[in-house]
Structures are given as C-alpha cells and as structure tokens.
Amino acid sequence: MHTIDLDTVEMTLDVMKYAIGRITNNQPELGSPRSEAELLEAVGETITPEGIGGEKAFALFKDVLVKATVPIDHPRHLAFVPAAPSRAAVLFDLVTSASSIHGAYWMEGAGGIFCENRAMDWLVSLTGMPKGAFGVFTSGGTAANLSAMVAAREAWRKKGGESRRKGIIITSIGAHSSIKAMAKVIDAEVKLVPTEDLMRGSELQEAISGMPPEMRECLFAVVGTGGTTNAGIVDDLDGIAEVCRKENLWFHVDAAYGGGALLADSVRHLFNGIEKADSVTIDPHKWLFSPYDCGAVIYRDPELAREAHSQEGSYLDIFKDEGARGFNPADYQVQLTRRLRGLPLWFSLAMHGTNQYKWAVERGITLAQQAAGQIQAHPDLELVREPSLSCVLFRRRHWTPSQYTDWTYRNHKAGLALVAPTQWRGASGMETVLRFCFINPHTTEQDISVILETLGD
Ligand SMILES: *Cc1c(COP(=O)(O)O)cnc(C)c1O
C-alpha cells in the first residue's frame, strides 16, 4: 500500500471544492481565447524537472487558463452545438475516472459495461429498431459514423468478394462534414444529392438511377441525416429507407445532434423510418446532457459490426475465451482501450428518470419557437426559415457578412453571448445568416431577448 500524504489530501479537497463550485454555477463566466504566447507569458513554464507543485498549477488553471475557455453550458452559448451536461452526469464523470475501469472487455469492465448497456437499451428503444439491434458508446459522432461506415463497407465487400475495392457513399449536401472526412479515412467516395432542404426518397432514387452502371455497382451506403447540424433538418428517413431496401444499400442515419429529439413527442414523427436503419449515430454529449466525450453507434445487426471491428492479438485471446464471455465494446467500434463514457449518462438517467430527459429536450424545441416569435416581432430581424428541432436561422436586414462577424466577436468579448453566423443557400444564393442552437434547458426567454437587443440600431 502506498500511503497518501497530507498534500494529496489537501489537493483532493481543493479539486473537489472547485468541481462542486463549477457544477453548481449555472452562470459561468464566458471566457474567450488568448494567443498561446500571451498564455505562456501569463503562466510561465509549467512542466519542469522538479514540478511546480499542485497548488500552483491548479491556481494557474483556475485564475488564468480556464478563463481562456468558453463554458459550453453557458445559457447564452447558442453557437455550433452547445451542451448542457446534467450535474449528475458531470459528477459521475468524476466517478468514472476515479474508479479506473477499462471499458473495452467484459472480463475487466463487466459492472461498468452493464450500466452502459442499460443506457444503450434505452437509446435503442428510442429509435424503435427491431429486437437484436444494439450499440456502443464512442468518443463522438465522428467515431460513430466511421465505425458504422466501416461495418457497412465490410458487409458490402463480403457480399461481392475481393474485387470490391473503392466504394461510394451517397448523402445530401446537408450531411455533416464528418461523413466526408471519414469517407476519406476509409478511402470511399462521397456523392452528394443537391437538396436545399430535406433529402427525399424520390431525390435519392433519381440520383441513384442517374448513375452509370459501373458507379452504381460501387455504391454501398446511404447516409440520411436526423437533424442537420446547420439547420436541424431531418431527411425523409422513411422514403430513404425504402430506396435502400430496393437498391440493397446500407442505410445509416446520422442523428448525432438531432437524436435527442427522438424523445420529444412534438417532433418524433419527423424521424419515422429511423427504425429501418442499418446503423444510427446519436451523440449523448450534444442533446442528451452528457459531458464530453460521448457518442453512440447502434447497429441493426451488431454481428456485422463485430466482424468488421473485432481486433485479433495473442494477448487479446483470453477476452474471447468462454470463461471471459460477455459483451465486449471494443468489438463494435474503432477504438480498443476505452473509457466507460456511457457511465455518466447511465447514472444521470437512473437518477432523474427518462421523463426529465423528455422535458429537457422539449424545452430546447420550445426555446427555438420562442426565439422565432421574438425575431418576427423585431423590426430589424427576419426568419430565414421556420425553426427545425432546436435550430433557428435568421437574418439582420441589410447586414454584410463582416457585420455579422464583428457582432459575434463584440458579444463574445463582452462576455454576453456566443452566437456565430453561418451560411444558408436561399433563393438568391449563398447568404450569411445568424443561427441559434438551443440545448441548455436553463436558457430563458430573457437570455434570448438580451441577445436580440444587441442586433438593433
Ligand atoms: C456534431 C455532429 C457530428 C460529429 O460529432 P462529433 O461528436 O463532433 O464527432 C456528426 N454528425 C452530425 C449530424 C453532427 O451534428
């Protein structure tokens, strides 16, 4: 046994005190970045042969460095996809670290993987996928999409033999950048259906039918989006599923951002057809109130994923032995050693119950509607389109792109809000517009009006 010295005890208390303070503070200071040179100037060398001591290092973090970060759970952080991890989930993230569990194999992680699997059961139930469908938690949507695409590609190759080398994925222009990026990783090509709004089955069918036969032969997967990151648009999943069935293509639904909305009765119908997917991505670290990082990938037939992902190695053989039988998360996605990143979600769900989650997601959708109302009542503002899920696109009349950017920096610097512009292709071509994305259920109508006031004359 090594003994614990007094310094360590004190350090532990300090860290816990900070964690409690931060977890209970729902108006954290909206920090902004400084240059690396400035930060180095402010804190000096922190890695030295003797060490600078925990007290000093922690003080530098609290007093200087954390202030150069943006708390993603700030109620007026409405840019990109913000986050709002529940207190229970953040606390259990600490517990997850403290318990030192290896989350790759049942033999080592059984009790923890058991918890993750209960949370996964619930996620799967939200999709309505058939019995047998199951998945694992990943580092995020990108890793989940990659894992699904690898499974899809391997299944396709197995059907067609070695001759199948470079495959093609088809998706829409609203798809997330990670689809293209991960297609590069697996050396697949991506064809885009040029839809301005949601991708319909008919448009997908048209795009496929227009392909020359040698290209069609290489097509192996379709990616539909369950809530585009830019505008919250949900593709016609049912129509796409029908085309995939007819064309014998793997159907992946990327619901990294929008997946939380499967809980919301008010919009659940938009996702009809997701139950027919071969794989689904959902990010609990976006709209299911988990701390970073936590994504999830679900497969209709997990066996296909296992065949694609299971790693071989003499030192890993014991994990596959009868005596060590159990669910091995390492077999279903691209990562081997893994944190039990589904554990915070499990604890928070167990503590609060799923109804609380339903309420919190509906709240984001309500906030988007409320924002739309305020925008319509504002003389200088205009909705670009009706809100979808929790995304609102709107414009400030007569503003140039640089006015939007200046406004973003001004509000950020003032510590008021982080709201960023985006692009939208309307009738008159590409346009710079403003975008809200609501996740935090504790954002108020007042928060919205404070931001909109800064857009007046
Ligand atoms: C955020 C997002 C991703 C990427 O997820 P990460 O967790 O950032 O890796 C993929 N697809 C969609 C639709 C997203 O919104």
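Counting convention: from 1, in listed order, for ligands and their atoms alike.
Ionic pairing of E431 and R395 is present here: one or more N-O contacts between side-chain nitrogen and carboxylate oxygen are shorter than 4.0 angstrom. Salt-bridge annotation for D73 and R87: absent, with no side-chain N of the basic residue lying under 4.0 Å from a carboxylate O of the acidic one.
Taking NE2 of H252 as the reference point, atom OH of Y299 lies at 9.0 Å (rounded to 0.5 Å).
Listed by chain and number, the residues in a ring-ring contact (aromatic ring centres under 6.0 Å, His included) with Y257 are W287 (sequence neighbours excluded). In this structure D331 satisfies the side chain to side chain donor-acceptor pair (under 3.5 Å) test together with S310, sequence neighbours excluded. Qualifying salt bridge (charged side-chain N to carboxylate O under 4.0 Å, His left out) partners for R118, counting only residues two or more places apart in sequence or in other chains: D121.
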Could you check ligand 1 for N or O atoms lying under 3.5 Å from protein N or O atoms and list the pairs with distances?
unit_1, atom_1, unit_2, atom_2, d
ligand 1, 5 (O), G141, N, 3.3
ligand 1, 5 (O), D283, OD2, 3.3
ligand 1, 7 (O), G141, N, 2.8
ligand 1, 7 (O), D283, OD2, 2.6
ligand 1, 7 (O), H285, NE2, 2.9
ligand 1, 9 (O), G141, N, 3.3
ligand 1, 9 (O), T142, N, 2.8
ligand 1, 9 (O), T142, OG1, 2.6
ligand 1, 11 (N), D254, OD1, 3.2
ligand 1, 11 (N), D254, OD2, 2.6
ligand 1, 15 (O), T229, OG1, 2.8
ligand 1, 15 (O), K286, NZ, 2.8

